[in-house]
Number of protein chains: 2
Amino acid sequence: MPRTSASLSIGQVAERTGLSVHTLRFYEKEGLFANPVRRVGGHRVYGESDLEWLYLCTRLRASGMPLPAIREYAALVREGKVTVQARLALLRSHQERVTAQIEELQRCLALVSRKVALYEEQLADDGSDPLWTGSCLSEHERQV
Amino acid sequence: MPRTSASLSIGQVAERTGLSVHTLRFYEKEGLFANPVRRVGGHRVYGESDLEWLYLCTRLRASGMPLPAIREYAALVREGKVTVQARLALLRSHQERVTAQIEELQRCLALVSRKVALYEEQLADDGSDPLWTGSCLSEHERQV
DNA sequence: CTAGGACCTAGAGCCGGCTCTAGGGCAAGC
DNA sequence: GCTTGCCCTAGAGCCGGCTCTAGGTCCTAG
């Protein structure tokens, strides 16, 4: 069983994950670790698998999963194969939330892009034909 | 100039925008209003254009624009046509951030979906063929 | 006249997610 | 032996974005 534990210090892990040392300790305190970090003389020692787990955590965080949910997921992982269904359910619901979020963002983006286009138009008109400047276009705050 | 001011109370606006009365006052205090709300006997009075502006605000918020940025945008709108370029720049940079955010979410989603698939597989195997249960698949925390 | 309801202001409180401080330990190198 | 540097814990602080409270005004209906 090649558990490949390369023995990293908290500082090294911080560097590799992009998380701060503070945040790593904070995550641990918050129960985000599936395999509670081993210690040697009080110092935390991390292995490759911790890096991977942390990477997953960063992706879950980046996609808006709250810490309590990650903690729950970590707890399930810790409990082993019997929790596979629960983990599946948890990830599926996250998947749905992310999908919805992407759609929401796309709708917002469409609106923003529309306004950008209107502003571009306005600038173009403004420059090329002084006759059509001003009042007629004044605010497109409402025709969106 | 049909400025179509339908005279809405703060409560009505709250209802129509989905924002709370608290939040509306808060937004005003934060300077998110281009046309600082008119008052009659101390009470705020909103018009159609305020609804549209607020709608835009909710979309900008929903796409992660921070309040200070919206405030800035509002200030530019207030200053009129001379700020069109600045507004364009502001919206364009937001557009880019949102686009990037969508891409990020899509990458996260891909990862989550991969894990969902792995869990599904694991469940399927588990049910159909007891010989292949267990240790060989135990944790895919790392091959992601 | 009084009760209800919608509104007002100013300011406190809350929540999530970090981020930092204070105060200290230990090990290696000059 | 002392500095440097990385680590430790416990707990405070901060930031963004609301959300709520306290205490008050004003209008309308019963």
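Since this is a predicted model, take the numbers as computed values, not measurements. Lettering of chains follows the sequences in order, A, B, ..., and the numbering in each one begins at 1.
Glu28(A) pairs in a salt bridge (charged side-chain N to carboxylate O under 4.0 Å, His left out) with only one of the listed residues (Arg38(A), Arg44(A), Arg71(A)), which is Arg44(A). Screening Arg107(B), Gln101(B), Gln106(B) for a side-chain hydrogen bond (donor to acceptor under 3.5 Å, both in side chains) involving Glu104(B) leaves a single residue, Arg107(B).
Closest to the side chain of His22(A), out of dG17(D), dT19(C), dC8(C), is dT19(C). Between dT9(C), dG17(C), dG17(D), one nucleotide has an atom nearer to the side chain of Arg39(B) than all others, and that is dT9(C). Ranking dT9(C), dG17(C), dC18(D) by closeness to the Leu67(B) side chain, first place goes to dC18(D).
A donor-acceptor pair shorter than 3.5 Å can be found between the side chains of Ser63(A) and His94(A).
Note: CZ (Arg44(A)) to C1' (dG25(C)) measures 14 Å, nearest angstrom. Atom pair Arg71(A):CZ and dG16(C):C1' shows a separation of 12 Å (rounding to whole Å applied). Between the P atom of dG17(C) and the NZ atom of Lys29(A) lies a distance of 14 Å, rounded to the nearest Å. In this structure, the CD1 atom of Ile10(A) is 11 Å from the C1' atom of dC6(D), given to the nearest Å. If you take CG of Leu24(A) and P of dC6(D), they are 15 Å apart, rounded to a whole angstrom. Look at CZ on Phe26(A): it is 14 Å from C1' on dA10(D), rounded to the nearest Å. dG11(C) atom P lies 16 Å from atom CD of Glu28(B), rounded to whole Å. For the pair Glu30(B) CD and dT19(D) P, the interatomic distance rounds to 14 Å; values are reported in whole Å.
Among the heavy atoms of the strands lying under 4.0 Å from Arg25(A) is at least one base atom, whether or not backbone atoms are also near. Residue Ser9(A) is in sugar-phosphate contact alone, with no base atom involved, counting any heavy-atom pair closer than 4.0 Å across all strands shown.
Distance check: Gln95(B) CD to Leu88(B) CG gives 9.0 Å after rounding to the nearest 0.5 Å.
Of the two residues near DNA chain C, Gly41(A) and Tyr27(A), the one whose nearest nucleotide lies more 5' is Tyr27(A). Looking at which nucleotide of DNA chain D each of His43(B) and Pro68(B) is closest to, the 5′-most match is held by Pro68(B).
For Arg61(B) and dC18(D), the shortest distance from a side-chain N or O to OP1 or OP2 is below 4.0 Å.
The ring of Tyr73(A) has its center closer than 6.0 angstrom to the ring center of Trp53(A).
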